[in-house]
Amino acid sequence: LSNPDLVVVGSGFFGLTIAERCASELGLNVLVLERRYHLGGNAYSEIDEETGIEVHKYGTHLFHTSNKRVWDYVRRFTDFTSYQHRVFGKYQGQVYSLPMNLGLINQFFGKAHTPDEARELIAEQSSEIATADATNLEEKAISLIGRPLYEAFIKGYTAKQWQTDPTELSADIITRLPVRYTYDNRYFNDTYEGLPVDGYTAWLTRMAEHPNIEVRVDTDWFDVQDEFKGKVPVVYTGPVDEYFGNCEGRLSWRTVDLEQETVDVDDYQGTGVVNANDQDVPWTRVLEFKHLHPERTYLPGKSIVVHEYSRFAEDDDEPYYPINTAEDRAKLLKYRDLAKKEPMVLFGGRLGTYKYLDMHMAIGSALSMFDNKLKPHFSDGAPLT
Ligand code: FAD
């Protein structure tokens, strides 16, 4: 594309949704710039040649949504399996089913409680601290679920996730800690859930298949911006602070290190995700991808396992989860002001808005940007702000 009508920076779900809508519905020529060697952003996956297992390169990605519009949209590009996500947690040599539910409570306290008995038990244990009086994350969690469950299932995991003792973390980090007084252990409550039948990359590639879309990988916006800035409308989905040269300081993120190995067993842990709730186990989770697609055929006797470690992101790390301290929020307001004033550039996606977005949220928010900003601009000449 020598003369694109629109440049999209970043080929994650946000950027590809914008590109697809603008090409298919408005007939625009869209150039997508991607600095990684592949399209797809963090949802990208690769099939391991030896074992045939689909590896989610940036951590397990589970698709779920209750947004009918998003569900109808995504099914234009892929069918979904009937996979339902379930998570288990290992603590002191036992495996419990999460999220906290009646099964976990009964196993942990070694007694069969009815739902009402369990509710009473947790109410009594959590009465130790009133939620309104909680001054840190530990107190808040105890006020919601009581000390025994907090110490087993929240304390160690949270300390590892944040590399900080929960007594030093803000109470605001958690608003609720849902406990289910049933045996329901489905991880997500959404209406629609499943995994793309032929994988994430096939889905993401189909979104970019329109002849008016060119995806240029290995291309960093900052190396080519002079060609486009101020001349062509841009949708930027990279980090907002980086766009402005970090002039207000860097926004802080957590990252994860993923240590992947191929193991010589057919089945390593019997399920896709097992959390490590013990504080002295250094990883936060163990992922075993083959369980996400039990319908597929794999090389027998082998599996791929990933140990996930959480830590604060340094300058060159992948930014994964916004930390969102008061200082970050103050910086973000300044970046938002700058973004509003930036001519012909719209900011979107999880990096462009400094917000954790699930895939369905990134897609939903891109559809809204298309409806509310891009379509009015390109169809009716509305200003692009
Ligand atoms: P991204 O996918 O991050 O895409 C942004 C793209 O922009 C990247 O490819 C990046 O390389 C590119 N880029 C940045 N700067 C530049 C530049 N200067 N020039 C060119 N390109 C640039 N969601 C779920 O729904 N379910 C899950 O189970 C789930 N699990 C997750 C697990 C982890 C560890 C993480 C981090 C996220 C998870 N998500 C999950 C969220 C999901 O990854 C996001 O919703 C999705 O990535 C958002 O898409 P995006 O387009 O906004 O951003």
Side-chain angles (χ1 to χ4, degrees), residues 7-20 31-45 56-67 70-71 74 80 83-85 87 161 187-188 190 192-196 200-201 203-204 207-208 215-225 228-229 234-246 253-258 272-273 284-285 287 289 292 306 308-311 313 316-322 345-367 369:
V7 170
V8 174
V9 180
S11 65
F13 270 118
F14 193 97
L16 289 182
T17 303
I18 295 288
E20 189 282 330
L31 175 62
V32 181
L33 305 175
E34 171 54 61
R35 67 176 164 198
R36 288 176 175 161
Y37 70 89
H38 58 76
L39 97 174
N42 277 4
Y44 174 75
S45 67
H56 296 196
K57 204 170 151 59
Y58 303 94
T60 325
H61 275 66
L62 293 319
F63 190 79
H64 55 99
T65 186
S66 293
N67 182 329
V70 168
W71 182 240
V74 298
F80 286 84
Y83 178 82
Q84 294 185 340
H85 195 47
V87 175
Q161 254 185 331
Y187 199 71
F188 300 114
D190 281 314
Y192 313 105
E193 180 177 356
L195 290 172
Y200 278 98
T201 296
W203 169 10
L204 290 152
M207 289 181 77
V215 180
R216 221 173 267 172
V217 294
D218 288 318
T219 308
D220 193 319
W221 160 255
F222 296 105
D223 295 335
V224 298
Q225 57 177 334
F228 305 109
K229 213 168 165 177
V234 173
V235 172
Y236 175 88
T237 74
V240 62
D241 49 358
E242 196 180 356
Y243 183 93
F244 294 107
N246 301 310
W253 292 82
R254 279 192 300 121
T255 192
V256 290
D257 294 321
L258 299 163
V273 177
T284 46
R285 304 196 287 183
L287 321 176
F289 295 116
L292 304 185
V306 170
E308 197 177 291
Y309 301 79
S310 176
R311 61 179 172 80
D316 292 333
D317 290 322
E318 290 292 344
Y320 280 165
Y321 302 103
V345 183
L346 297 177
F347 293 79
R350 57 180 203 99
L351 301 166
T353 56
Y354 189 65
K355 257 192 213 143
Y356 178 81
L357 299 176
D358 271 328
M359 293 178 278
H360 66 106
M361 295 156 89
I363 294 165
S365 129
L367 291 173
M369 181 187 277

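If you read the sequence from its start, that first residue is 1, and numbering goes on from there. All values reported here derive from a predicted model rather than from experimental measurement. Order of listing sets the numbers, starting from 1, for every ligand and every atom in it.
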Nearest heavy-atom approach of Phe14 to Gly349 is CD1-N, 3.3 Å

Looking only at protein heavy atoms, what sits closest to atom 1 (P) of ligand 1 is Arg350 NE, 3.8 Å

Are the side chain of Ser310 and the backbone N or O of Gln161 linked by a donor-acceptor pair below 3.5 Å?
yes

If you measure every N or O of Val9 against every N or O of ligand 1, does any of those distances drop under 3.5 Å?
no

Answer yes or no: is there a donor N or O on one side and an acceptor on the other, between the side chain of Glu308 and the main chain of Leu287, under 3.5 Å?
no

Would Lys57 and Glu318 satisfy salt bridge (Lys or Arg N to Asp or Glu O under 4.0 Å), going step by step from the backbone distance to the final call?
CA-CA 12 Å; Lys57 204 170 151 59; Glu318 290 292 344; over 6 Å; no

Could you check, using the six-membered ring where one of them is a Trp, whether Tyr58 and His38 have ring centers closer than 6.0 angstrom?
yes

Any idea which part of Phe63 is under 4.0 Å from ligand 1, heavy-atom wise: side chain, backbone, both or neither?
neither

Rounded to the nearest 0.5 Å, what separation is found between the CE atom of Met207 and the CG atom of Leu39?
9.5 Å

Reported OH-to-CG distance for the pair Tyr243 and Leu351, which is rounded to 0.5 angstrom:
15.0 Å

Could you check whether any side-chain N or O of Thr237 sits under 3.5 Å from a backbone N or O of Val9, counting only pairs where one atom can act as donor and the other as acceptor?
yes

Looking only at non-hydrogen atoms, the one of Leu16, Leu62, Asp218, Thr219 nearest atom 27 (C) of ligand 1 is Leu62

Ligand 1 to Thr60 polar contact by distance, N or O atoms, under 3.5 Å:
yes

List every atom of ligand 1 that sits less than 4.0 Å from any heavy atom of Tyr58, numbering the atoms from 1 in the order shown and giving each element.
33 (C), 34 (C)

Looking at Arg36, which atoms of ligand 1 are within less than 4.0 Å of one of its heavy atoms?
9 (O), 11 (O)

Check each of Trp221, Tyr356, Tyr321 against atom 40 (C) of ligand 1 and report the one with the nearest heavy atom.
Tyr356

Nearest-option assignment for atom 14 (C) of ligand 1, heavy atoms, candidates Ala366, Gly12, Gly238:
Gly238

What atoms of ligand 1 come closer than 4.0 angstrom to any heavy atom of Tyr320?
36 (C)

Checking the N or O distance criterion of under 3.5 Å, is ligand 1 in contact with Ala43?
no

Checking a contact table here: which protein heavy atom is nearest atom 51 (O) of ligand 1, and how many Å away?
Phe14 N, 3.0 Å

Parallel, tilted or perpendicular: which fits the ring planes of Trp203 and Tyr200, with parallel below 30° and perpendicular above 60°?
parallel

What protein heavy atom lies closest to atom 24 (C) of ligand 1? Include the residue and the distance to one decimal.
Asp358 OD1, 3.1 Å

Can you find a non-hydrogen atom of Pro239 under 4.0 Å from ligand 1?
yes

Verify whether one side chain among Ser66 and Asp190 offers a donor that lies under 3.5 Å from an acceptor in the other.
yes

Aromatic ring pairing Phe80/Trp71, orientation class (parallel under 30°, perpendicular over 60°, tilted between)
tilted

Can you say whether the rings of Phe228 and Trp221 are parallel (under 30°), tilted (30 to 60°) or perpendicular (over 60°)?
parallel

Which protein heavy atom lies closest to atom 41 (C) of ligand 1, and at what distance to 0.1 Å?
Leu357 O, 3.2 Å

Does the ring centre of Phe13 sit less than 6.0 Å away from the ring centre of Phe63?
no

With heavy-atom distances below 4.0 Å as the criterion, list the atoms of ligand 1 near Phe222.
18 (N)

Among non-hydrogen protein atoms, atom 7 (O) of ligand 1 lies closest to Gly10 CA, 3.2 Å

Check each of Asp358, Asn42, Leu195 against His61 using the side-chain contact (heavy atoms from CB on, under 4.5 Å) test, and report the only one that passes.
Asn42

Judged by atom type as modelled, is there a donor-acceptor pair below 3.5 Å linking the side chain of Arg350 to the main-chain atoms of Tyr320?
yes

Winner among His61, Arg216, Lys355, Arg35 once heavy atoms are compared against atom 42 (C) of ligand 1
His61

Of all the non-hydrogen atoms in the protein, which one sits nearest to atom 2 (O) of ligand 1, and at what distance?
Asn42 N, 2.9 Å

Counting only nitrogen or oxygen atoms and a 3.5 angstrom limit, does Met359 reach ligand 1?
yes

Contact atoms of ligand 1, heavy-atom distance to Asp220 under 4.0 Å
17 (C), 18 (N), 19 (N)

Please identify which atoms of ligand 1 are closer than 4.0 Å to at least one heavy atom of Ala362.
48 (C), 49 (O)

Under 4.0 Å from a heavy atom of Leu33: give me the atoms of ligand 1 that qualify, with their elements.
20 (C), 21 (N)

Number the atoms of ligand 1 from 1 as they appear, then name those within less than 4.0 Å of a heavy atom of Gly349, with their elements.
52 (O)

Please state which protein non-hydrogen atom is closest to atom 49 (O) of ligand 1 and give its distance, to 0.1 Å?
Phe13 N, 3.8 Å

d(Asn67 CG, Ile363 CD1) to nearest 0.5 Å is 9.5 Å

Considering distance alone, does some N or O of His360 sit under 3.5 Å from an N or O of ligand 1?
no

Counting non-hydrogen protein atoms only, what is the nearest one to atom 11 (O) of ligand 1? Give residue, atom name and distance.
Glu34 OE2, 2.6 Å

N/O separation below 3.5 Å, Leu351 to ligand 1
no

